[in-house]
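A short write-up of the structure that comes next.
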Amino acid sequence: MTKQKLLLLDGNSLAYRAFFALPLLTNDSGIHTNATYGFTTMLQKIIGEENPTQMLVAFDAGKTTFRHKSFDEYKGGRQKTPPELSEQFPYIRKLIDAYNIKRYELEMYEADDIIGTLAKQAAGQGIEVIVVSGDKDLTQLATDDVTVYITRKGITDIEKYTPEHIEEKYGLTPNQIIDMKGLMGDQSDNIPGVPGVGEKTAIKLLKEHGSIEKIYEAIDSLKASKMKEKLVDNEEMAHLSKKLATIHTEVPLTITLDELAYAGPNEEALMGVWQELGFKSLIEKSDFETEQVEQVELKYEMVSLITKDMLKNTMAIHLELENEHYHSCEAIGFAMTDGENTFYSTIENVAENEDLKAWLNDETKKKYIADSKATQAMLHRLGIELKGVEFDLLLASYILKPSISGDDVATLAKEFGYTAVQSNEAVYGKGAKWVVPHADNVAEHVSRKAVAVWSLQPVLEQKLKDNEQFELYKELELPLAHILGKMESEGITVNVDTLHQMGDDLKAKLEIIEASIYELAGEKFNINSPKQLGVILFDKLGLPVIKKTKTGYSTAADVLEKLQSEHDIVKHILEYRTLAKLQSTYIEGLIKEVKEEDSKVHTRFQQALTATGRLSSTNPNLQNIPIRLEEGRKIRQAFVPSKKDWVLFAADYSQIELRVLAHMCQDEVLVDAFKQGMDIHTRTAMDVFGVSNADEVTSLMRRTAKAVNFGIVYGISDYGLSQSLDITRKKAAIFIENYLQSFPGVKYYMDSIIAEAKKTGFVTTILNRRRYLPDITSSNFNLRSFAERTAMNTPIQGSAADIIKKAMIDMNTRLEQEGLKAKLLLQVHDELIFEAPKEEIEILERIVPEVMENAIELIVPLKVDFSYGPTWYDAK
DNA sequence: ATCGTCACG
DNA sequence: ACGTACGTGACGATT
């Protein structure tokens, strides 16, 4: 439990302060907002700075208080609260409620007394207390546990009163503040005090005697003077004034400290109040993830038919889908806008509308779309081919802000300050509660999305140009989306019978292994449960614990491998894991994804997801089909061409990341090695181990050098390398040291890329893709180290991604130019998989490496290997 | 919803 | 001294 901190605010005093500190502002609807605005900025500041665990705003209750009983002129003659301020009090209450801060007022007592009582209670429980007011009387509450903040001049400028500060400023203790006020009186509260006694005299007297009581005890010894006369004449008034100025700390409150917990505002409610008051700057600055939609009226027309006259040369269109699975879900509706007129139509009316179809298919009719790939794929299913995509909100957002997650139009729009569109969750609900609402609501929602895309197009394109990223977006990502859409819609054929066959074999093997594991363990348990497995291995069988996880023993493969010699059960478990993974993910999982109609899987390539610019693949993930172990690799036998006498043709870049590194750091040795076509791991081994002849490099040396090369690409650390090679950290450090000495250009590059990231806050790839690294200047070692490794890795991984993306675009063009039937089906980070008729193999062998190797020119050559066969397994 | 694990580049 | 290799997605178990 962190230290508790209670913030007590004097509501009336602060409202008055804000009102008089700021000029009389009014908002669009004519309400005065200077007090509400001042109050809000003050709250924002104090909450941000103090981060309290409990909060309360106290208000004065009615007109009369217990003080009036002793002195009926108390606060008499005071100016009436200005009506311009009175009208703002309801909003101040609303604001406080929206912040989820407790409000409190009590009949017969003033805010001061409520605050005094709570401050005393809290301090007694060891809670740190901060009192905020515009009234200096409150400083009497200061103690070691209670600090009193008094606003100065404006509303956010505060003076902090601790007992020390009061001593410094007045030479008095906090308690003596009351006596001072008793003597001086208070104009605003109509407390008379002793006439003729001001601050200076009061302080002088108190320093000498200590308190009002002590002054009167010693009154006779005072030498005769005008002042003595005044004191004598007004003794009663002095005592009364002190009494009135004393804050009551034993108020019979009807609330307790427990009720004051503060855990942040109700963001939606707060946005609502801010909107009502017209606090645009605060709304813009806030990073709340609220669903608040601007109350901008949207004019749109629901039409049964989109007619020719509605179809303009440039329009934003939005095809609304049920969910992200656009290869299998249903479409909900369709909207289009040219900025002036917005039309909504049902899907039935879209699919059968020949005019619209022709317009969508017309390359010269320009479309602005939120997610062009999804739209293209869905339209394809409806028998419509989409062309002429000019703007893609998802891709533009991704290039500008690669870190934003989510593809909802509302989420993206909000990132760029556009809020007149609702989130899908707000409209449809989520999970089991998901439902399509009334047609009117859908029409408005979908129309708003189209308008959002239309409105954001100029904004985002300008930002891209400002960043010099427009080309990356327009010439790379946008055309790539079209190609990826085609690849996904085409799909890859899977032989389900082959998978079933393999599944049966696996099932039999698993049953045997399972039986021997139970036998060796002496009981049945769930081998798939790391928790239960941990109990068997480490508690029951007493194997040594090598690594732990947050929740218990680690049973990961690297741990189990070290335990193999300890017990026979371990190797069975390792084998069980391998086979169970194949069975659940690659046999059963894959079968579920095969579409019955065409016997194909249609993955979705996520183009706006990774931090580095790579693609990712889902439903199913076709970028992690097994290959390293033979048993798993056989899964690839189930991936086949879609037609008889066709083949699968696979081409992959050899060492693309290290070549990119060589290009970027221009290290002579590394560049030379690639230019001469050497085996890079062997070359590295020669340098790291100081061997002058390639023949002298042993396989262990090469394997080690390979791991070092991986480490370099990942942003090396001795620990990481030691883990991957299972050697000591010291040895790993020596390898790295040797490497960096052999390749000084690499070291220089790594140092400068980190320096650059620290300076600009981001790193870039060959095609100017950015990754922002806010943690690079963190004082937290872990965060900073991670950011530094990322700074080293991202330009390499990201540039490699740029290169293969460019190759895909060039390859698509080339296939069309050559009039080939061959189709690009998959991309797996550094390889492209095609299917093609046998007759085209020869030409592919020529053009695929040519196009891929020349996608982007580096100072080192790019090298592409390829192969083909009747299944993906054979294309090796 | 999150964790541990493991498949890929 | 700090505690990690970079980037992903899917599964079963568990909360």
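Within every chain, numbering begins at 1; the chains are lettered A, B, ... in the order of the sequence lines, protein sequences first and strands thereafter.
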For [X], answer base if it contacts any base atom (sugar-phosphate contacts may also be present), sugar-phosphate if it contacts only those atoms, and nothing otherwise; contact means non-hydrogen atoms under 4.0 Å.
{"X": "A/Arg771", "answer": "sugar-phosphate"}
{"X": "A/Asn619", "answer": "sugar-phosphate"}
{"X": "A/Gly715", "answer": "nothing"}
{"X": "A/Asn780", "answer": "nothing"}
{"X": "A/Ala707", "answer": "base"}

Inset, instruction - Report yes if a side-chain nitrogen or oxygen of A/Arg789 is closer than 4.0 Å to either non-bridging phosphate oxygen (OP1 or OP2) of C/dC6; otherwise report no. - result: yes

Legend entry - Strand contacts (DNA chain C) in residues 602-611 of chain A, 4.0 angstrom heavy-atom criterion: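 Output list: A/Leu609, A/Thr610, A/Ala611.
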
Inset, instruction - On the 0 to 90° scale, with breaks at 30° and 60°, tag the A/Phe834-A/Phe649 ring pair as parallel, tilted or perpendicular. - result: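 Judged by the thresholds at 30° and 60°, the geometry between A/Phe834 and A/Phe649 is perpendicular.
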
Legend entry - Any N/O donor-acceptor pair, A/Ser717 side-chain to C/dT4 base, under 3.5 Å: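 Answer yes: a donor N or O sits under 3.5 Å from an acceptor.
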
Legend entry - Summary of protein contacts for nucleotides 4-9 of chain B, nucleotide by nucleotide, where a base hit scores B, a sugar-phosphate-only hit scores S (4.0 Å, heavy atoms): SSBBBB

Legend entry - Who pairs with C/dA1 - Watson-Crick or G-U, where each distance is under 3.5 Å: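 Pair assignment: C/dA1 / none.
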
Inset, instruction - Find the distance A/Gln532:CD to C/dG12:P and express it as a whole number of Å. - result: 15 Å

Inset, instruction - Tell me, yes or no, whether the heavy-atom count around A/Lys562 atom NZ, taken from other residues, nucleotides or ligands under 6.0 Å, exceeds 12. - result: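 Yes.
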
